[in-house]
Amino acid sequence: MLVKRNVIILSLCAFPLIIAGCNSGGSSGGSTAPVTNPTAFILNQGSGDISVCPFIQAQNNFGICSVMRPTTANTTVATGTDYGYNPLLNGGSPVGIVINNNYAFISLDKGSNPLAASQIVSCAIESNGQFDQCNVYTTSELNPQALRAFQPAVSNNTLYFPTFGLGEQSKASIMACQIGAKGELSADSCMLYSSVYSASNTDFSLIAANQMLYGVSGATDVVNVIGLNADGSLIPDSLRVSNAPNSNGTGSLVDPRMMTITNGYAYITDPGQQNNANMVACQLTESGLLANCQPQQGQTSSGENVFAGPVGIGSYQQTVFPLNWGYNGAQLGTSVALCAEGSGNSPLVQCNLSMADGLYGYSTPYIPIGIAVSTLVSLQ
């Protein structure tokens, strides 16, 4: 669970964006057809709700947002009918979200106890943006050796989430679970890859792109790159480590948190950068490694800096969405930057700052920690 401090964040809360219709998204069973414009789902830490914002690409901004609380599937119990509850209020802290067609997957970390099993929540997405029919999976039920769960990723209809096994808290393990036709997960379809690379207390997140998994390690200030087979399994002995070098070959990361990949660039949030007001932008080489990394400020057309300690981040086509968590800032993270990429896959050139206001003009995010942007689809 992220804890606001003046100097450090105790553990990583991650969010990248890998979704259908964006980069490296998988597809679930059934034919689909788009029914709305792109929609941003902003996971709010500490409030138990999600901001739902239409993304107006022509304006590179959000329309009027709403607040949504997921609900679990209806179940019949001995005392009557349970009409569902909000799984985000189930004792864990929301730390990451990813979308695979009609289904959202949210990781809940039991951060108060490093040895307590975390949860993965799978929800169907209705055409109005409501998450319902949610199912809650305890990580230890998917695999007895899986404990914590941080930012998940999706590739080729496989859900990946970082974890660690009992007694291996200094090593990052990765769970890979096949996604069922209705978004379901099953222990029979999950594989635990133990001790894949070094990371202290799972201070890392996962991003899927270009048949690879990228793991950000805040403990070692590197990005770990792992190859994926066509069936979604990890390629043995494929691990490569990048220190996100600048043009001189020197590592550029200080305290990295989350990353998104779009259009040949990787964007990494790093509150350790100067004044907590920069990200790190890197080119991707043909082999998938990071190169020519540099600090990147986000400014409006009038020169206003729009970064206030971003931790979460996502992307959709030519727009990158850093989430202002308020790291070292006077305000909590109640805003989102919408930053356009320059032509020719250059780094960010201009940003808008949005409070993701609702119908009555109030900011809907509260400590935004994860974002997924997708074109909603409907099963036919």
Side-chain angles (χ1 to χ4, degrees), residues 1-3 9-19 26 41-50 70 72 86-100 103-123 125 131 134-143 145-155 158-165 172-177 179 183-185 187 190 192-193 199 201-208 213-218 257-260 269 311-314 323 325 367-372:
M1 178 179 179
L2 278 171
V3 178
I9 291 179
L10 293 182
S11 68
L12 172 68
C13 296
F15 152 86
L17 165 68
I18 306 295
I19 56 174
F41 300 92
I42 304 170
L43 183 64
N44 293 313
Q45 189 178 57
S47 63
D49 59 33
I50 295 171
T72 57
N86 181 356
L88 302 187
L89 300 177
N90 201 31
S93 175
V95 293
I97 181 173
V98 68
I99 290 176
N100 187 57
Y103 300 96
F105 298 88
I106 300 170
S107 53
L108 302 178
D109 176 41
K110 302 282 188 175
S112 60
N113 182 353
L115 297 181
S118 297
Q119 295 173 334
I120 299 292
V121 179
S122 169
C123 301
I125 307 177
F131 290 7
C134 299
N135 292 297
V136 180
Y137 302 92
T138 301
T139 53
S140 59
E141 292 174 349
L142 297 175
N143 187 291
Q145 291 298 310
L147 296 178
R148 307 287 287 276
F150 292 90
Q151 171 59 45
V154 166
S155 179
T158 302
L159 177 75
Y160 304 90
F161 64 86
T163 185
F164 63 70
S173 298
I174 295 174
M175 278 281 286
C177 297
I179 300 172
E184 69 271 19
L185 304 177
C190 292
L192 178 68
Y193 296 88
N201 283 329
T202 57
D203 273 355
F204 64 105
S205 62
L206 285 183
I207 302 91
L213 284 179
Y214 293 80
V216 176
S217 175
R257 294 301 172 191
M258 309 181 213
M259 182 169 78
T260 190
T269 58
V311 173
I313 190 170
L323 304 179
W325 193 75
I367 315 183
I369 191 61
I371 183 172

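Any value given below was found using the heavy atoms of this structure, including those in side chains, with hydrogens, waters and symmetry copies removed. Throughout, numbering of the chain's residues begins at 1 and tracks the sequence.
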Over all heavy atoms of both residues, which pair between [X] and [Y] is shortest? Give the atoms and the distance, please.
| X | Y | answer |
| --- | --- | --- |
| S205 | P162 | CA-CG, 4.4 Å |
| P87 | V136 | CB-CG2, 3.8 Å |
| A149 | F161 | CB-CD1, 3.9 Å |

If you define the side chain from C-beta out and look only at heavy atoms, does anything of [X] sit under 4.5 Å from [Y]?
| X | Y | answer |
| --- | --- | --- |
| I97 | I371 | no |
| F150 | D109 | yes |
| I207 | T260 | no |
| T138 | Q119 | yes |
| L108 | P94 | yes |
| W325 | Q45 | yes |
| L142 | L185 | yes |
| V311 | M258 | yes |

The criterion is side-chain hydrogen bond (donor to acceptor under 3.5 Å, both in side chains); which residues satisfy it with S47, sequence neighbours excluded?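 Expected list: D49.
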Spatial distance of atom [atom1] ([X]) from atom [atom2] ([Y]) [nearest 0.5 Å]:
| X | Y | atom1 | atom2 | result |
| --- | --- | --- | --- | --- |
| T158 | N100 | OG1 | CG | 9.0 Å |
| L88 | S93 | CG | OG | 10.0 Å |
| L43 | S107 | CG | OG | 7.5 Å |
| I179 | L159 | CD1 | CG | 5.0 Å |
| I367 | I42 | CD1 | CD1 | 14.0 Å |
| N44 | I50 | CG | CD1 | 8.0 Å |

Evaluate Y193 against S173 for side-chain contact (heavy atoms from CB on, under 4.5 Å), listing each step before the verdict. CA-CA 6 Å; Y193 296 88; S173 298; over 6 Å; no
Can any side-chain N or O of [X] pair as donor or acceptor with the backbone N or O of [Y] at less than 3.5 Å?
| X | Y | answer |
| --- | --- | --- |
| S140 | A117 | no |
| T163 | I174 | no |
| N135 | C123 | no |
| T139 | L147 | yes |

Test side-chain contact (heavy atoms from CB on, under 4.5 Å) on I125 and Y103; report intermediate values, then the result. CA-CA 6 Å; I125 307 177; Y103 300 96; 5.8 Å; no
For the pair Y214 and L206, evaluate side-chain contact (heavy atoms from CB on, under 4.5 Å) and give the outcome as yes or no after the intermediate values. CA-CA 6 Å; Y214 293 80; L206 285 183; over 6 Å; no
Holding to ring-ring contact (aromatic ring centres under 6.0 Å, His included), I want the full list of residues that pass it with F41, two or more places apart in sequence or in another chain.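 Expected list: F131.
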The criterion is side chain to side chain contact (heavy atoms under 4.5 Å, CB included); which residues satisfy it with S122, sequence neighbours excluded?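 Per chain and number, S122 pairs via side chain to side chain contact (heavy atoms under 4.5 Å, CB included) with F105, Y137.
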Taking side chain to side chain contact (heavy atoms under 4.5 Å, CB included) as the definition, give me every residue that meets it alongside N143, ordered by chain and number, with sequence neighbours left out.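 Listed in chain order: Q145, A146, M175, L192.
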